[in-house]
Amino acid sequence: MNKKLMGLAIAATLRFSAFSASAEDMYRGAWYAVPGISYMNTDSDLDANNGGGAFLAIGKELSPSWDLQGRLGYNRASEDSNVAGIGGRYKSTQLGLDALYMFSRDQFRPFLLAGLGATRNNVDYTNPADASKTSWLGSLGLGAQYLFSDSFGLQADVREQWSRAKTALDNNIPGNKATNTASNTLLNLGGIFRFGAPAPVVAEPAPEPAPIAAAEPAPEPAPAPAPEPVVCTPTTETISVGAEKLFGFDKANLKDEGKAALDEAAAKIKANPEIKAVIVTGHTDRIGSEAYNQKLSERRAKQVADYLVAQGVDSSIISSAGKGESEPVVQCAGNKATKKLVSCLQPNRRVEIRAEGTKESGCK
């Protein structure tokens, strides 16, 4: 294998995986096709030059960390002997199944791969005679995907492929049926065409936040020989904002539309000095793993709390928490992440801002 090429690929993968580890995930269980081209660094024992080829892979997002790709590839290279009368090509057809460990589900997705399958190696030279061998195939490598949109992206990887082949040296011995392990290095580049995943749902605009009641002066008590003392009672106001208004689908970065809603909430909180505590709570639907949803709800709640502080809300009275999928407001049938289910569960994806305080005017 070309050690310099693999070393550069490893360094790039580690660098970008560290960058992407904290990025928001976009796993939705999609299918995708990856047609592409490849460059082959041919094993020297095959007495062939480096060559090119093409491949087609069909992939499935199995979980937030794993993909599975079925792959059909074909590569060929010309024979490189300087001996007169010898020519032809080395040809390799591969059929295999690759498991990809994804470091991230963000726009940039580095991964490691391991695969098994079968290959047909054909040493098609004019001298010695042609020799073909069908054998097992093993692959190890690393690469990355980059999504330009929800339906299209690019995939690149470098992999080492091992299989059995009858090399030119083996075939040059009359009657010799021995084979050796051939190790070819492939650099692959293809386009990603995703399908079968629910499209991001544009939710209906959330209702305007309920106004926080301003403090009303207590009415003058009616004259009485022994007036009863006025008891101060705590007040609570809760504003619920749909997640789709605040964030993009599966994202934790505030949108401009969401900032406008939070600006209004911040102004009302600051206008009511009796408010002594503001609790921001994030909620998600049940699509995805429980741990993933808990993490997403915490990030969204913290983003909202940080924004309210940036708009002048006292940081000492504000806190944030995530409840994940544990407190749904609607129940919907089905487990597959279809567009219908995602739309039905929309009310569960929300951020609640609860303001607590005590009206002090007229209290004794």
Side-chain angles (χ1 to χ4, degrees), residues 1-13 34-59 68-83 86-101 111-144 154-173 176-190:
M1 179 181 178
N2 188 320
K3 294 183 178 179
K4 183 177 180 181
L5 181 63
M6 180 61 86
L8 290 174
I10 292 173
T13 299
V34 187
I37 57 175
S38 61
Y39 175 79
M40 178 176 66
N41 187 352
T42 312
D43 192 314
S44 59
D45 289 343
L46 294 169
D47 284 341
N49 296 311
N50 296 335
F55 69 92
L56 173 64
I58 301 296
L68 198 63
Q69 291 187 4
R71 188 177 188 276
L72 175 64
Y74 175 78
N75 294 86
R76 68 179 187 176
S78 60
E79 195 274 336
D80 71 347
S81 175
N82 294 322
V83 179
I86 295 181
R89 295 182 182 276
Y90 161 67
K91 305 170 187 175
S92 174
T93 304
Q94 315 103 32
L95 179 63
L97 192 64
D98 296 334
L100 279 62
Y101 179 78
F111 60 81
L112 296 176
L113 70 89
L116 291 174
T119 185
R120 178 76 170 175
N121 289 314
N122 185 11
V123 183
D124 187 16
Y125 302 160
T126 56
N127 183 25
D130 296 350
S132 298
K133 174 67 178 178
T134 299
S135 82
W136 54 265
L137 172 70
S139 303
L140 286 176
L142 48 82
L154 292 177
Q155 175 175 304
D157 70 75
V158 58
R159 65 180 66 198
E160 193 77 2
Q161 289 188 336
W162 295 272
S163 61
R164 301 290 292 182
K166 193 168 185 180
T167 66
L169 179 60
D170 296 325
N171 204 29
N172 204 24
I173 302 174
N176 183 18
K177 296 183 178 181
T179 60
N180 287 305
T181 299
S183 175
N184 298 326
T185 304
L186 272 66
L187 179 62
N188 305 290
L189 178 64

Interatomic spacing from OG1 in Thr119 to CG in Leu137 - rounded to 0.5 Å: 5.5 Å
Asn184: what forms a side chain to side chain donor-acceptor pair (under 3.5 Å) with it, not counting sequence neighbours? Tyr90
Among residues at least two apart in sequence or on other chains, which ones pass side chain to side chain donor-acceptor pair (under 3.5 Å) with Lys133? none
Where do Ser139 and Gln161 come nearest, in terms of heavy atoms and distance? OG-CG, 3.5 Å
Identify the two heavy atoms, one from Glu79 and one from Asn49, that lie closest to each other, and give their separation to 0.1 Å. O-ND2, 3.7 Å
Give me the atom names and distance for the closest heavy-atom approach of Leu46 to Ala182. CD1-CB, 4.2 Å
What I want to check is whether the side chains of Asn75 and Ser92 have a donor and an acceptor closer together than 3.5 Å. no
Which atom names give the shortest non-hydrogen contact between Phe55 and Ile37, and what distance separates them? CE2-O, 3.4 Å
My understanding is that only residues two or more places apart in sequence, or in another chain, count here; which of them pass side chain to side chain donor-acceptor pair (under 3.5 Å) with Thr42? none
The side-chain contact (heavy atoms from CB on, under 4.5 Å) partner of Val158 among Leu186, Leu113, Leu142, Asn41 is Leu142
Report yes or no: do Ser135 and Asn121 form a side-chain donor-acceptor pair below 3.5 Å? no
With a 4.5 Å heavy-atom cut-off, do Leu140 and Arg159 have their side chains touching? no
Kindly write out the residues that satisfy side chain to side chain donor-acceptor pair (under 3.5 Å) with Tyr74, not counting sequence neighbours, or none if the list is empty. none
Taking side chain to side chain contact (heavy atoms under 4.5 Å, CB included) as the definition, give me every residue that meets it alongside Leu116, ordered by chain and number, with sequence neighbours left out. none
Going by atom types only, do Ser183 and Asp43 share a side-chain donor-acceptor pair under 3.5 Å? no
Which atoms form the tightest heavy-atom contact between Trp136 and Trp162, and what is the distance? CZ3-O, 3.2 Å
Partners meeting side chain to side chain contact (heavy atoms under 4.5 Å, CB included) with Leu68 (sequence neighbours left out): Leu62, Leu97, Ala99
